[in-house]
Amino acid sequence: MSPDRVLAELRVFVAEREWAQFHTAPNLAKSISIESAELLECFQWSDDADDARVREELADVITYCYLLADRLGADPSELVLTKLEQTREKYPVELAKGSITKYDRR
């Protein structure tokens, strides 16, 4: 499914419920943080989390990310691609490949 279709479906869902009035940028950012914590909770006591629950919580995080990007008038795909390019420059392959430690801290 394309990101455009996902966003279109989310817009319809929100409009049907008249929830846009509650979707301020701060509220959506808070919701991302809350849902991220719920995702992390899946792994709180074990690395063997329930896959279905992880997927549900991840979907919640992604949903709020889409909604925040939409509220800001930003294209989620463009945000990711722009950040990826910045990260490519920050972590060149020849300095970062195969290492968990940031290359300037070795």
Side-chain angles (χ1 to χ4, degrees):
M1 182 180 296
S2 76
D4 290 340
R5 181 163 173 221
V6 172
L7 188 54
E9 291 287 333
L10 286 171
R11 286 175 177 158
V12 168
F13 180 86
V14 169
E16 289 172 339
R17 289 154 183 80
E18 297 181 352
W19 285 352
Q21 62 185 321
F22 309 116
H23 287 180
T24 64
N27 284 350
L28 292 167
K30 291 172 201 173
S31 295
I32 292 167
S33 181
I34 292 163
E35 294 299 338
S36 295
E38 290 178 13
L39 175 59
L40 185 58
E41 185 180 34
C42 294
F43 299 98
Q44 184 173 6
W45 304 114
S46 172
D47 288 350
D48 298 323
D50 176 50
D51 189 59
R53 182 157 176 247
V54 169
R55 289 172 182 264
E56 286 179 18
E57 297 303 339
L58 181 57
D60 289 341
V61 173
I62 293 168
T63 295
Y64 282 117
C65 288
Y66 266 95
L67 291 171
L68 179 56
D70 193 43
R71 172 59 70 175
L72 298 174
D75 178 331
S77 296
E78 285 301 314
L79 290 173
V80 170
L81 293 174
T82 298
K83 181 63 178 182
L84 182 58
E85 188 55 39
Q86 293 168 353
T87 305
R88 276 192 178 108
E89 292 177 20
K90 187 174 181 179
Y91 299 97
V93 172
E94 61 276 5
L95 298 175
K97 188 174 183 176
S99 177
I100 197 168
T101 305
K102 189 175 175 188
Y103 63 86
D104 66 351
R105 295 193 179 146
R106 291 188 216 162

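Just so it is clear, the model here is predicted, and its values are computed rather than measured.
In this view, L79 and A69, A74 satisfy the side-chain contact (heavy atoms from CB on, under 4.5 Å) rule, not counting sequence neighbours. Evaluation of the ring-ring contact (aromatic ring centres under 6.0 Å, His included) rule for Y91 yields no partner, not counting sequence neighbours.
Among pairs with a residue in residues 83-96, those fulfilling salt bridge (Lys or Arg N to Asp or Glu O under 4.0 Å) read E85-R88, at least two apart in sequence or across chains.
Using a 4.5 Å cut-off on side-chain heavy atoms (C-beta onward), Y66 and T63 make no contact. Using a 4.5 Å cut-off on side-chain heavy atoms (C-beta onward), P3 and S77 make contact. In this structure, the side chains of E56 and D60 stay at 4.5 Å or more apart for every pair of heavy atoms.
Between L81 atom CG and Q86 atom CD the span is 11.5 Å, to the nearest 0.5 Å. Annotation: the span from E57 atom CD to I34 atom CD1 amounts to 11.5 Å, rounded to 0.5 Å.
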Donor-acceptor pairs are to be reported for all side-chain atoms of residues 22-31 against protein atoms at under 3.5 Å, with residues two or more places apart or in another chain.
{"unit_1": "T24", "atom_1": "OG1", "unit_2": "N27", "atom_2": "N", "d": "3.1"}
{"unit_1": "T24", "atom_1": "OG1", "unit_2": "N27", "atom_2": "ND2", "d": "3.3"}
{"unit_1": "N27", "atom_1": "ND2", "unit_2": "F22", "atom_2": "O", "d": "2.9"}
{"unit_1": "S31", "atom_1": "OG", "unit_2": "N27", "atom_2": "O", "d": "3.0"}

Distance-only check: which donor-acceptor pairs under 3.5 Å involve side-chain atoms of residues 35-47, not counting sequence neighbours?
{"unit_1": "S36", "atom_1": "OG", "unit_2": "I32", "atom_2": "O", "d": "2.7"}
{"unit_1": "E41", "atom_1": "OE1", "unit_2": "R53", "atom_2": "NH2", "d": "3.2"}
{"unit_1": "S46", "atom_1": "OG", "unit_2": "D48", "atom_2": "N", "d": "3.0"}

Show me the side-chain donor-acceptor pairs of residues 4-11 shorter than 3.5 Å, one per line, residues at least two apart or across chains.
{"unit_1": "R11", "atom_1": "NE", "unit_2": "D70", "atom_2": "OD1", "d": "3.3"}
{"unit_1": "R11", "atom_1": "NE", "unit_2": "D70", "atom_2": "OD2", "d": "3.1"}
{"unit_1": "R11", "atom_1": "NH2", "unit_2": "D70", "atom_2": "OD1", "d": "2.4"}

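Minimum interatomic distance between E18 and Q21 (heavy atoms only, all atoms of both residues): O-NE2, 2.9 Å.
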